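In what follows, a single structure is set out as structure tokens and then discussed.
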Amino acid sequence: MRWAAARLAAAGVPSPRTDAELLLAHALGTDRGELRRLAVLDAALPGDAPATFAAVVDRRARREPLQHLVGTAPFRHLELAVGPGVFVPRPETEQVAQVAVDEARRLAEARGAAPVVVDLCTGSGAIALAVATEVPAAQVHAVELDAAAHGWAERNVAAVAAASGSAVRLVRGDARTALRDLDGRVDVVVSNPPYVPPDAVPRDPEVAGHDPAVALYGLGPDGLEVPRGVTAAAARLLRPGGLYVMEHAEVQDAAARAMVEAVRDGGGPAFGPASTRSDLAGRPRMVVARRRGDASSVPPDVPDWRP
């Protein structure tokens, strides 16, 4: 582990000791707790573990994402399968999921009926699965267009369903037009869409070289072209009073609020005043707003699709 940590530090890896431990635990097929016990005992590495470990350390030193090497990424209480072709979930997105979880839980407790939650641009399925497992009463729907990302989401949805029984309806489609059957019936729309501007190339090699461009760049000169489509879809899907929360870059807070407030419905604003919320590091990273409208015109409740 000392050798690996030194090698990774020399390569500029931000957390060399932690990565060394996780890679060695992966090579041994164990967890970090057991790894530390074996280290205290000065246990020998079995069989081909030294060669396996050296190979993954070499790949990590070339800045291949740790999550790709071990095959999973933590997200809240979940371990999600990830790899090439899907955006690796980040800790800051856990706070975006928290807003959706809190609202779904509040609604479930207040009205005793299943809140309907939609995750647009779901990627690995992280946010949708967090809501489904933390608010079992919720009906959760997730949309992903990219074929590779949708494949990873399918894998994670199936794994979580097998482990906990929590179900997510996963749809492959365009976030701007999907789920027409839910128009005006959704309680929460949450999204971590692509939003990076075209001239803002990520500095971390793990992101720039391995996260798919389709999950990073939001198109348009400000990176908000895709988020504008997602926001318009949220206005279409949400009930009056429904909550919209969308992740954005820390430099986009004012632009994201203006984007939400610019959406029109029948000549007036579709959303109430938009606000910005911060991540755990205090950076402005999400826009939140409620849908305006006449509650008397809300369509009937959505039939529960879950088995």
Side-chain angles (χ1 to χ4, degrees), residues 64-68 70-101 117-134 140-161 166-179 188-196 202 204 206-219 223-231 233-234 237 244-249 252 256 279 285-287:
E64 191 169 337
L66 173 70
Q67 297 88 348
H68 286 194
V70 301
T72 61
F75 188 80
R76 296 175 70 86
H77 62 286
L78 299 167
E79 282 288 333
L80 302 172
V82 296
V86 71
F87 185 78
V88 174
R90 303 296 200 271
E92 53 266 29
T93 306
E94 295 189 8
Q95 288 301 108
V96 178
Q98 185 69 61
V99 175
V101 166
V117 180
V118 168
D119 176 14
L120 297 177
C121 305
T122 194
S124 65
I127 297 176
L129 288 167
V131 176
T133 53
E134 295 179 48
V140 183
H141 308 256
V143 178
E144 178 55 53
L145 178 61
D146 182 72
H150 183 269
W152 287 104
E154 271 190 322
R155 180 175 172 181
N156 287 316
V157 166
V160 170
S166 297
V168 169
R169 175 193 176 198
L170 177 63
V171 174
R172 186 176 174 203
D174 189 327
R176 297 170 298 180
T177 57
L179 302 178
V188 182
V189 172
V190 57
S191 182
N192 178 18
Y195 52 71
V196 176
D204 292 338
E206 292 87 347
V207 179
H210 296 277
D211 273 328
V214 69
L216 292 175
Y217 297 102
L219 307 179
L224 292 175
E225 191 61 29
V226 173
R228 286 187 184 93
V230 169
T231 304
L237 289 163
Y244 177 47
V245 53
M246 187 203 81
E247 181 173 322
H248 56 69
Q252 292 173 320
D279 63 15
R285 291 304 306 273
M286 70 190 91
V287 61

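Keep in mind the model is a prediction, meaning the values are calculated, not measured.
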Practice task
Report the C-alpha separation of V226 and Y195 in whole Å, then their side-chain angles, then the decisive distance to 0.1 Å, and conclude whether the side-chain contact (heavy atoms from CB on, under 4.5 Å) test is met.
Solution key: CA-CA 7 Å; V226 173; Y195 52 71; over 6 Å; no

Exercise for the section: Just jot down the side chain to side chain donor-acceptor pair (under 3.5 Å) partners of H248, sequence neighbours excluded, or say none. Expected result: none

Problem - D119 side chain vs A128 backbone, donor-acceptor pair below 3.5 Å - result: yes

Problem - Donor-acceptor contact below 3.5 Å, side chain N156 vs main chain G125 - result: no

Practice task
List in chain and number order the residues that pass salt bridge (Lys or Arg N to Asp or Glu O under 4.0 Å) with E94, two or more places apart in sequence or in another chain; answer none if no residue qualifies.
Solution key: none

Practice task
Using side chain to side chain contact (heavy atoms under 4.5 Å, CB included) as the criterion, list what pairs up with Q95, not counting sequence neighbours.
Solution key: L280, M286

Practice task
For the pair E144 (side chain) and A149 (backbone), establish whether a donor and an acceptor sit closer than 3.5 Å, ignoring hydrogens and angles.
Solution key: no

Practice task
Only counting residues at least two apart or in another chain, list the ones meeting side chain to side chain contact (heavy atoms under 4.5 Å, CB included) with P65.
Solution key: Q67, H68, E206, H210

Fill in the blank from the handout: To the nearest 0.5 Å, atom CD1 of I127 lies from atom CG of L78 at 12.0 Å

Problem - Smallest separation among heavy atoms of A233 and A175, with atom names - result: CB-O, 3.3 Å

Problem - Residue list, side chain to side chain donor-acceptor pair (under 3.5 Å) with R176, at least two apart or on another chain - result: D174

Practice task
State which residues pass side chain to side chain donor-acceptor pair (under 3.5 Å) with Q252; sequence neighbours excluded, sorted by chain then number.
Solution key: none

Practice task
Would you kindly say whether H150 and R172 are connected by a side-chain donor-acceptor distance under 3.5 Å?
Solution key: no

Fill in the blank from the handout: side chain to side chain contact (heavy atoms under 4.5 Å, CB included) filter on A234, not counting sequence neighbours, yields V189, L238, Y244, F271

Exercise for the section: For V171 and L179, run side-chain contact (heavy atoms from CB on, under 4.5 Å): C-alpha distance rounded to whole Å, both residues' side-chain angles, the deciding distance at 0.1 Å, then the answer. Expected result: CA-CA 8 Å; V171 174; L179 302 178; 3.8 Å; yes

Would you tabulate the side-chain donor-acceptor contacts of residues 82-92 under 3.5 Å, counting partners in other chains and residues two or more places apart, or write 'none'?
from	atom 1	to	atom 2	distance (Å)
R90	NH1	V88	O	2.3
R90	NH1	D211	OD2	3.4
R90	NH2	D211	OD2	2.5

Exercise for the section: Could you pull out all residues at least two apart from A132 that satisfy side chain to side chain contact (heavy atoms under 4.5 Å, CB included)? Expected result: V140, S166, V168

Handout entry: Partner residues of E79 under the salt bridge (Lys or Arg N to Asp or Glu O under 4.0 Å) criterion, sequence neighbours left out
Key = none

Handout entry: Test item: V143 and C121 side chains (from C-beta on) under 4.5 Å apart, heavy atoms
Key = no

Exercise for the section: May I ask you to say whether R285 pairs ionically with E247, meaning some side-chain N is under 4.0 Å from a carboxylate O? Expected result: yes

Completion exercise
The side chain to side chain donor-acceptor pair (under 3.5 Å) partners of D146 (sequence neighbours excluded) come to none

Exercise for the section: Just grab all the salt bridge (charged side-chain N to carboxylate O under 4.0 Å, His left out) pairs involving residues 148-160, residues at least two apart or on different chains. Expected result: none

Completion exercise
Paired with V96, the side-chain contact (heavy atoms from CB on, under 4.5 Å) test is passed by just one of V190, N192, D279, V101, namely V190

Practice task
Would you check, one step at a time, whether the test side-chain contact (heavy atoms from CB on, under 4.5 Å) holds for L80 with L129?
Solution key: CA-CA 9 Å; L80 302 172; L129 288 167; 3.9 Å; yes

